[in-house]
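Note sheet for the following structure.
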Amino acid sequence: PLILGGKNTDGSDFQPTDSRANTWSDWMVTFRMPQGEDRAMDVTLAEGMPFVWAEFKGVNPTIAFGGLNGKGTRGKNGATYFDLDNKDQK
């Protein structure tokens with residue numbers, strides 16, 4: 001799984017209080033997850049679209065692949081990442 005989250009610009013954990021659809025169609029939905037008036041994450045998902053579009057307001061985004069702590073429910077090992085020089089960045 002892919003987990004989107006973040007830290008507020010003041011360093012505290014982003015903890016949205018709600019999730020509501022902004023727009024939708026037969027194939028797509030855009031929803032907002034706010035934490036107060038000045039912090040939010042807007043997410044767009046669509047059928048058959050191989051990516052997720054996320055926009056952050058007042059939040060420094062973090063992305064985790066493979067579930068919490070880098071391990072999926074089926075995986076035995078955490079995800080491995082590489083930098084632009086192809087150096088392991090576990």
Side-chain angles (χ1 to χ4, degrees):
L2 169 70
I3 299 174
L4 295 174
K7 295 276 187 188
N8 295 315
T9 52
D10 66 5
S12 63
D13 287 334
F14 176 62
Q15 296 179 352
T17 55
D18 197 3
S19 178
R20 294 187 184 206
N22 285 339
T23 60
W24 60 89
S25 68
D26 291 346
W27 300 99
M28 183 199 71
V29 63
T30 298
F31 60 93
R32 170 168 279 196
M33 297 187 310
Q35 179 185 348
E37 293 293 320
D38 57 346
R39 299 173 180 151
M41 179 170 59
D42 293 330
V43 180
T44 300
L45 306 168
E47 176 71 27
M49 189 169 64
F51 55 88
V52 173
W53 184 265
E55 296 179 84
F56 297 85
K57 176 185 173 190
V59 178
N60 296 321
T62 58
I63 300 172
F65 297 95
L68 294 173
N69 300 317
K71 294 185 178 181
T73 56
R74 298 183 192 164
K76 295 179 182 176
N77 301 312
T80 301
Y81 306 95
F82 298 91
D83 65 12
L84 294 175
D85 297 321
N86 207 26
K87 294 180 182 173
D88 190 0
Q89 298 293 310
K90 269 194 168 181

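When side chains are defined from C-beta on, F14 counts as touching Q35, because their heavy atoms get closer than 4.5 Å.
Between D13 and K7, the shortest heavy-atom contact is OD1-NZ, 2.6 Å. When all heavy atoms are compared, the tightest approach of V59 to G6 is CG1-CA, 3.9 Å.
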Solution key, residues 39-51 side-chain donor-acceptor pairs under 3.5 Å, sequence neighbours excluded:
from, atom 1, to, atom 2, distance (Å)
R39, NH2, D10, OD2, 3.2
D42, OD1, R32, NE, 2.6
D42, OD1, R32, NH2, 3.4
D42, OD2, R32, NH2, 2.7
T44, OG1, T30, OG1, 3.1

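Following chains of ILVMFWY side-chain contacts shorter than 4.5 Å, one cannot reach W53 starting from W24, and the two form parts of different hydrophobic clusters. By the criterion of side-chain heavy atoms lying less than 4.5 angstrom apart, applied directly or through intervening Ile, Leu, Val, Met, Phe, Trp or Tyr residues, V52 is not grouped with M28; the two fall into different hydrophobic clusters.
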